[in-house]
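The block underneath contains the structure these notes are about, expressed in structure tokens.
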Amino acid sequence: MEIRVNPTRMEYNRLKGRLKMAERGHKLLKDKRDELMRKFLELIRENKKVRQEVEAALSRSFANFLLASAVMSSAAMEEAVMYPKAAVKVDVKTENIMSVRVPRISVAAAGEEAEDATPYGFADTSAELDSSLAELAGILPQLIRLAELEKAVALLADEIDKTRRRVNALEHIMIPQLQETIKYISMKLDENERSSLTRLMKIKDLVRGDETA
Amino acid sequence: MLNVDRYAYAVGRIKVMETRLLDRDRIERMVEAKSAEEALKVLSESEYSDYLAELADVHEYEKILSAELLRIYRELRLLSPEEKIIAFFARKYDYHNLKVLFKAAHLKEQRPELLLPGLGNIPLEELVRAVSENDFRNLPLRMQEAAQKLVAKFAEDGFDPQLVDLWLDQALYAELADDVRKRKNKYLRDYFTSLVDLTNIKTFLRVRRLQRSKNFLAAVLLPGGSLDLLTMLDLSDPLEVILDRLASTPYAQVVAEGVQLFQQTDTLTRYEKLADNFLLERVRQAKYVTLGPEPVIGYLLAKENEIKIIRIVLTGKINRLPVEEIRERLRDVYV
């Protein structure tokens with residue numbers, strides 16, 4: 001399908017310009033897509049690794065927690081952990097990957113004795129609670145790294161999707177359309193030229209016939 | 001009438017109630033059960049059967065346990081000629097409620113599900129009122145002092161949840177120790193001293209593992225025990241030295257065995273179990289007393305122990321823990 005245009009030389013030049021631009025854009029976007037893809041695969045691989053680690057660590061500490069909760073009454077357990085003591089400061093910055101803004105989250109424990117994750121008394125709590133909470137606290141930085149990675153992956157996937165759609169639109173619709181339209185105009189122009197040429201020849205014949213007559 | 005004679009009726013009834021405690025066979029059947037439902041079924045032949053009908057789901061087993069605990073306290077309060085005996089053991093629930101209220105107030109939340117109404121000696125409304133109005137005048141002296149100290153401290157340095165637990169625990173055990181001194185009952189004194197000593201040894205090991213300071217240790221050790229751990233032991237001592245120093249105490253065996261596993265796996269699971277068993281052995285002495293408060297106390301503690309066992313088994317069953325993991329934590333039974 002071509003674009004409806006006036007088959008003029010001016011339009012022809014304008015479309016040629018557009019075609020050139022589209023081809024250049026297409027090439028650039030394709031490069032961008034490939035690079036995004038490469039980064040994406042890298043991130044995905046790391047993401048998978050971190051996720052597996054986090055999941056293993058989490059299930060381990062949940063199991064610990066479970067055992068701790070088995071030897072304490074649920075009310076005592078809840079009371080022990082209802083008010084957390086350790087505070088964590090989370091700082092979010094953005095990083096630019098191929099003009100995609102991905103979050104960079106940094107964690108810093110805030111306050112003194114921040115490594116101390118036991119906000120409870122020792123009289124009626126089980127020692128198993130100590131270890132499971134310490135383990136949970138240890139997972140936090142990794143958990144946040146995972147959140148950062150997952151968000152980056154999602155954002156990149158989104159961007160890849162958009163870029164690919166643009167590349168495809170350029171490749172399969174925009175560029176062929178332009179090419180066809182250009183072809184149409186050039187044929188129309190040629191046709192016009194030929195018809196004016198024949199008209200000229202015809203007129204020339206007529207004029208010459210008048211002279212000889 | 002002699003003081004102990006008043007217990008004739010109570011002891012008679014307790015002896016009957018004791019026969020209804022879960023025995024080792026029942027517990028064993030629960031442990032061996034294929035599913036949590038099946039384990040629960042074992043309970044249907046016991047005192048717990050009344051609650052089972054109302055239970056929609058195994059996961060709500062905690063409801064059964066708290067209902068049973070409430071029933072036992074209520075019944076023993078009526079049964080015991082001296083309510084004070086029961087009040088002694090109920091006091092921990094007052095302190096639990098106070099801790100929850102303090103923390104909830106600072107979280108600006110209502111956490112009614114964590115409160116234990118009906119178990120403690122002080123009506124819950126009184127505690128709620130005391131915390132919300134900052135007026136602790138009607139509370140027992142030790143509790144009142146601790147609460148006022150906490151409020152003053154928080155006004156100055158901000159809220160610290162651990163302090164709530166630590167100071168109130170201190171107050172609770174100081175209050176219990178006062179009581180033990182006043183009552184002059186050897187059985188109660190032996191039990192309480194062992195409880196405090198074993199808890200303190202455990203706390204010592206926990207503080208040592210968490211690598212906290214000696215000052216912190218001094219703040220968490222409970223009053224009322226027979227050992228002065230602060231001077232006996234040092235946090236930097238290797239485990240062998242600690243074992244050695246405790247070798248002349250009655251807890252030598254518990255510590256030796258418990259610490260063995262602590263060295264290998266860094267868990268105090270075995271120690272906690274052995275300590276509970278040690279205490280239960282002390283509690284069991286009540287069986288040889290025919291008249292007096294001892295059987296009542298013994299039954300109460302046996303019941304608390306039984307509830308703990310059921311919780312361990314059911315938690316294990318619901319989460320499909322291997323049988324050994326459950327056994328590892330299973331306490332002895334009283335009967």
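All values below come from the heavy atoms of this structure, side chains included, with hydrogens, waters and symmetry mates left out. Per chain, numbering begins at 1; letters A, B, ... match sequence-line order. Small disclaimer: the values here were computed from a predicted structure and weren't measured.
- Contacts of B:L116 with chain A are made by side-chain atoms alone, with heavy-atom separations under 4.5 Å and no backbone atom involved.
- Between B:E156 and B:K153 there is no salt bridge, since none of the side-chain N atoms of the basic residue sits less than 4.0 Å from a carboxylate O of the acidic one.
- Proximity to chain A involves both the backbone and the side chain of B:T269, based on heavy atoms less than 4.5 angstrom apart.
- For B:K317, there are no salt bridge (Lys or Arg N to Asp or Glu O under 4.0 Å) partners at least two apart in sequence or on another chain.
- Contact of B:E113 with chain A is not made at all, since no heavy-atom distance falls under 4.5 Å.
- Interface residue B:K103: backbone and side-chain heavy atoms are both found under 4.5 Å from chain A.
- In this structure A:R194 satisfies the salt bridge (Lys or Arg N to Asp or Glu O under 4.0 Å) test together with A:E191, sequence neighbours excluded.
- Residue A:M77: no heavy atom, backbone or side chain, is found under 4.5 Å from chain B.
- Residue with the most contacts toward chain A among B:K273, B:Q170, B:R209, B:K308: B:R209 (heavy-atom pairs, distance under 4.5 Å).
- With a 4.5 angstrom heavy-atom cutoff, B:I312 touches chain A via backbone and side-chain atoms both.
- The closest side-chain donor-acceptor pair between A:Y120 and B:D169, if any, does not fall under 3.5 angstrom.
- At a threshold of 4.0 Å, the pair A:D91-A:K93 counts as salt-bridged, since one of the basic side-chain nitrogens sits closer than that to a carboxylate oxygen.
- At a 4.5 Å heavy-atom cutoff, B:A219 makes no contact with chain A through either its backbone or its side chain.
- In this structure, B:R208 and B:L239 have side chains that are in contact, with non-hydrogen atoms separated by less than 4.5 Å.
- Contacts of B:Y173 with chain A are made by side-chain atoms alone, with heavy-atom separations under 4.5 Å and no backbone atom involved.
- Taking B:T203, B:L166, B:L314, B:L115 one by one and counting their heavy-atom pairs under 4.5 Å with chain A, the maximum is reached by B:T203.
- No part of B:D276 comes within reach of chain A, as not one of its non-hydrogen atoms sits under 4.5 angstrom from that chain.
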